[in-house]
Amino acid sequence: MAGFADLNLPQGPDKKSLQSLLEAAAHLGYSAVALNHVIDFKEKKQEIVKPVSPSELFPSLPIVQGTSKRIKVLTRLTLVVSDPSHCNLLRSTSANVRLYDIIAVFPKTEKLFHIACTTLDVDLVCINVTEKLPFYFRRPPVNMAIDRGIYFELLYTPAIKDSTMRRYTISNAISLMQICKGKNIVISSAAERPLELRGPYDVANLGLLFGLSESEAKAAVSTNCRATMLHGETRKSACGVVYTVKKPRKVEEEETTLPACKKAKTQA
Amino acid sequence: MRTLRSRLMKEVCGGASPIGWAQRPSGSGATAAMVRFKNRYVLCEVVSEDPRCRQCIEDRAVGLAVRDAIGRVHGDYGLACCSISFTVKYLNAYTGTVLLRCRKDSYRLLCSALPFVRQLESRNLRYPCFLNTLHVGGTIRTCQKFLIQYNRRQLLMLLQNCTNEEERQCIQKSLLSCSLTEEQSQSGDEEDDDGTETD
């Protein structure tokens, strides 16, 4: 059974508040969290810094409630793209981008959504929950994303804070459900304070509000998160796969041919 | 300790009903052929940053906060559905444990509205907090069994963080003595022996 994970905790500059967030998450039962670093290209050109390793930030990680293991902390990068030229950053082989565990993209237009689902090398596509979607989802890019193993992320903290956000969240989520039939969904918080976090059982109940079935909602907090983390790991490690097969060698060949180093010495 | 606990429960559950945890068929119990009403009991924990919030945990405050959240999320229909058999059955201010009851048909409405509880209000004081759902059961007994296991785990974690030898002995004693007793007058639920909160 996969542990529960919350893949979006905004990384603020304050270390103490992050520590209290981690403790709250561990108390609620999350086995893994991801610290999110958001890059917005509308502002001045920002440099993508190397991710700070969690072991440097937090000397001691709290223990997850219900198990005896420590909470796992990953690093995550979110790119808010509103222009196709912003995507070049992902295609370039910049070393810093590769160092993050999970990469997410937040498309603002329909064309960018299509590009993100079909060609970009990301793990998560964020769905806007704070305003009415400017575009409708279409089936072909969503199905391609599901085939590629890309997950769609929904946030729930705006829904808790404000009533108009709640309406946008639910309407956007339900329109996504109608297209993707509840597959490949990840629900996460964007909690800045420990009071905005909710336990995994409650988040699964929120998934019911969004139109998911009970098993899908539970998977949205546990199995799909684990699949996203694995997807990020494979992206980090493997660029290609070499498949070796043992070929049976004939015995006579071995005796006649000498290894190359020995050959050179005898001839000289 | 036991009398304090039973007094707490008496105040909370209402003076009329007996203190025991014995499950009896709820509902009007009109005729012998009537099937009993099925309820769902939702066990939650009130989590907050402010330690003064613990004093504010009362059955009326929590009931109001939950009803308000249901009204905001599901509207008048949801509020009406959920309030058919809605009460706060058990409350423990020291650990922040709350047991809510509702009808089986409308427990989904209740559970999906619980994440939207943001604050508790009583005596014109507001404290920001949230409810963490621990367990949903069909009877009080299953929730009680779960609560005992959960509290035992909490005590174990407290034991690890213990600094004082006296506190350590206290916790070890209560760990060994927690169990589900069959007696009517006392509940088997144990509480923290040291009243200090470590988190």
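Contact of A:Leu195 with chain B is made through backbone and side chain together, with heavy-atom distances under 4.5 Å. Of the two parts of B:Arg108, only the side chain, counted from C-beta on, holds a non-hydrogen atom closer than 4.5 Å to a non-hydrogen atom of chain A. Only the backbone of B:Leu131 comes within contact range of chain A, with at least one heavy atom under 4.5 Å from a heavy atom of that chain.
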Validation: residues 149-161 of chain A side-chain donor-acceptor distances under 3.5 Å, sequence neighbours left out:
from: A:Glu153; atom 1: OE1; to: A:Arg76; atom 2: NH2; distance (Å): 3.2
from: A:Glu153; atom 1: OE2; to: A:Asn8; atom 2: ND2; distance (Å): 3.4
from: A:Glu153; atom 1: OE2; to: A:Arg76; atom 2: NH1; distance (Å): 3.0
from: A:Glu153; atom 1: OE2; to: A:Ser188; atom 2: OG; distance (Å): 2.6
from: A:Tyr156; atom 1: OH; to: A:Arg198; atom 2: N; distance (Å): 3.2
from: A:Thr157; atom 1: OG1; to: A:Ala190; atom 2: N; distance (Å): 3.1

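If you check the side chains of B:Glu45 and B:Tyr150, you find a donor sitting under 3.5 Å from an acceptor.
What you find for A:Glu192 and A:Pro10 is that their closest heavy atoms are CG-CG, 3.9 Å. Considering every non-hydrogen atom in both A:Val129 and A:Tyr168, the closest pair reads O-CB, 3.5 Å.
Ranked by heavy-atom pairs under 4.5 Å with chain A, the first of B:Met157, B:Arg118, B:Arg153 is B:Arg118. Taking A:Ile63, A:Leu197, A:Ile170 one by one and counting their heavy-atom pairs under 4.5 Å with chain B, the maximum is reached by A:Leu197. Residue with the most contacts toward chain A among B:Cys44, B:Ala113, B:Ala69, B:Pro115: B:Pro115 (heavy-atom pairs, distance under 4.5 Å).
A donor-acceptor pair under 3.5 Å links the side-chain atoms of B:Arg101 to the main chain of B:Ser85, judged by distance alone.
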